[in-house]
Amino acid sequence: HTLSEKHSITVSIQDISADGTLLAYGLCEGGEDEIVVQFLQVDTKENFFDILPRGRYFGISITPDHAGVFYTFYNETGSHVRYNRYGTEVSQDMELFGKEYGPEKIIFATLSEDGHHLLIHVLYGSSGTQTDVYYKNIQKETPIVPLIYHIPSFFMGTFGEDALFFETNWKAPHKRILTVSLQELD
């Protein structure tokens with residue numbers, strides 16, 4: 001391929017906009033954990049001028065209006081959920097969450113398809129023995145609030161229309177699904 005003479009660059013899809021016109025993809029050199037995130041306008045096959053510099057990223061979410069991207073960046077101090085408005089320097093990105101956690105926690109954020117809601121997961125290690133979950137209504141600019149906090153169980157949430165669905169092992173050794181109405185959260 002044309003990305004490197006040694007064919008040592010791996011490409012990974014990080015997110016696709018809801019309308020399918022913008023692609024966030026990562027470039028990784030030689031199997032490293034760190035990637036550079038670039039944004040491709042699918043119809044013109046041209047890269048956006050914005051990139052997220054080399055680092056470890058989780059939960060990249062392009063906003064439906066293509067105004068920016070929510071992402072989690074991991075460094076020696078831990079995971080940090082940030083927002084980048086396209087056209088601004090990454091150094092100016094707004095940090096939304098993560099300062100209170102250290103590097104032993106795995107944090108990632110997910111944006112709802114309509115761009116109105118943000119869900120943040122905090123995993124207590126990779127074994128999944130405990131997950132805290134936080135919520136923010138982006139449209140109403142509400143503060144981030146805990147939904148699930150200090151319950152020694154695994155929770156993995158996803159958006160579906162006007163609800164949140166959680167897969168969990170809380171009081172269910174073979175797992176179950178819990179549903180929360182988004183209207184109840186506001």
Side-chain angles (χ1 to χ4, degrees), residues 1-99 101-115 117-128 131-134 136 138 154-160 167:
H1 56 73
T2 60
L3 295 174
S4 72
E5 289 182 17
K6 295 180 181 179
H7 304 284
S8 59
I9 294 181
T10 303
V11 179
S12 60
I13 295 175
Q14 298 296 312
D15 193 31
I16 302 170
S17 64
D19 63 6
T21 62
L22 188 58
L23 170 72
Y25 65 97
L27 298 174
C28 167
E29 178 74 39
E32 294 179 330
D33 291 332
E34 293 79 14
I35 62 173
V36 172
V37 179
Q38 296 189 2
F39 300 90
L40 179 76
Q41 295 175 330
V42 175
D43 54 346
T44 65
K45 295 183 177 76
E46 292 180 11
N47 281 320
F48 251 38
F49 47 85
D50 288 69
I51 65 165
L52 299 178
R54 185 176 178 274
R56 293 177 70 183
Y57 295 94
F58 308 100
I60 294 174
S61 296
I62 299 168
T63 60
D65 61 1
H66 298 195
V69 62
F70 290 91
Y71 65 94
T72 303
F73 176 75
Y74 178 84
N75 63 19
E76 65 278 348
T77 64
S79 298
H80 306 273
V81 177
R82 297 178 177 168
Y83 174 74
N84 174 267
R85 178 168 287 284
Y86 292 133
T88 63
E89 293 293 324
V90 172
S91 62
Q92 297 175 0
D93 289 356
M94 178 184 356
E95 183 160 339
L96 303 172
F97 187 86
K99 287 182 183 177
Y101 292 98
E104 71 282 358
K105 304 295 187 291
I106 301 167
I107 300 174
F108 63 93
T110 306
L111 187 64
S112 63
E113 194 169 316
D114 63 9
H117 311 276
L118 188 68
L119 197 62
I120 301 169
H121 292 80
V122 179
L123 283 67
Y124 286 67
S126 59
S127 64
T131 310
D132 292 342
V133 181
Y134 294 82
K136 177 177 179 59
I138 301 292
F154 170 81
F155 289 87
M156 188 58 60
T158 189
F159 292 102
E167 176 187 5

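Side-chain atoms are counted along with the backbone in the values below, which use heavy atoms only and exclude waters and symmetry mates.
In this structure the side chain of V69 reaches within 4.5 angstrom of the side chain of F39, judged on heavy atoms. Using a 4.5 Å heavy-atom cutoff, the side chains of H80 and N75 are in contact. Residues M156 and T158 have side chains not in contact (no heavy-atom distance under 4.5 Å, counting atoms from C-beta outward). Looking only at side-chain heavy atoms (C-beta outward), E29 and R54 stay at 4.5 Å or farther from each other. Looking at Q41 and L22, their side chains come closer than 4.5 Å, going by heavy atoms from C-beta outward. Counting only heavy atoms from C-beta outward, the side chains of I120 and L96 never approach each other to under 4.5 Å.
Not one N or O on the side chain of D50 forms a donor-acceptor pair closer than 3.5 Å with the backbone of Y86. Within the 3.5 Å criterion, the main-chain N or O of I106 finds no donor-acceptor partner in the side chain of S79.
Shown here for G26 and Q14, the closest heavy-atom pair between the two residues is N-CG, 3.7 Å. Across Q38 and L27, no two heavy atoms sit closer than the pair NE2-CD1, 3.8 Å. Closest of all the heavy-atom pairs between A109 and L118 is CB-CD1, 4.0 Å. Residues I60 and A24 approach most closely at CG2-CB, 4.1 Å, considering heavy atoms. The minimum heavy-atom distance between V122 and K105, with the atom names listed, is CG1-CB, 4.1 Å. Minimum heavy-atom separation, L40 to Y25: CB-CE2, 3.9 Å.
Between the CD1 atom of I16 and the CG atom of L23 there is a distance of 6.0 Å, given to the nearest 0.5 Å. Taking CD1 of I9 as the start and CD1 of I35 as the end, the distance is 12.5 Å to the nearest 0.5 Å. In this structure, L111 CG and D15 CG are separated by 8.5 Å, a value rounded to the nearest 0.5 Å. Going from atom CZ of F159 over to atom NE2 of H117 covers 6.5 Å, rounded to the nearest 0.5 Å.
In E104, the CD atom is crowded: over 12 heavy atoms of neighbouring residues, nucleotides or ligands sit closer than 6.0 Å. The local environment of CZ in R56 is crowded, with over 12 non-hydrogen atoms from other residues, nucleotides or ligands closer than 6.0 Å. At most 12 non-hydrogen atoms from other residues, nucleotides or ligands lie less than 6.0 angstrom from CD of E113.
Using a 30° and 60° split on the angle between ring planes, F97 and Y134 fall in the tilted class, from 30° to 60°. The aromatic rings of Y83 and F70 are tilted relative to each other, their planes meeting at an angle between 30° and 60°.
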Between D132 and Y124, is the side chain to side chain contact (heavy atoms under 4.5 Å, CB included) condition met? List the steps. CA-CA 8 Å; D132 292 342; Y124 286 67; 2.6 Å; yes
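Checked against the 6.0 Å centroid criterion, the rings of H121 and F108 qualify as a close aromatic pair.
A donor-acceptor contact under 3.5 angstrom links the side chains of Y71 and D93, judged on distance only.
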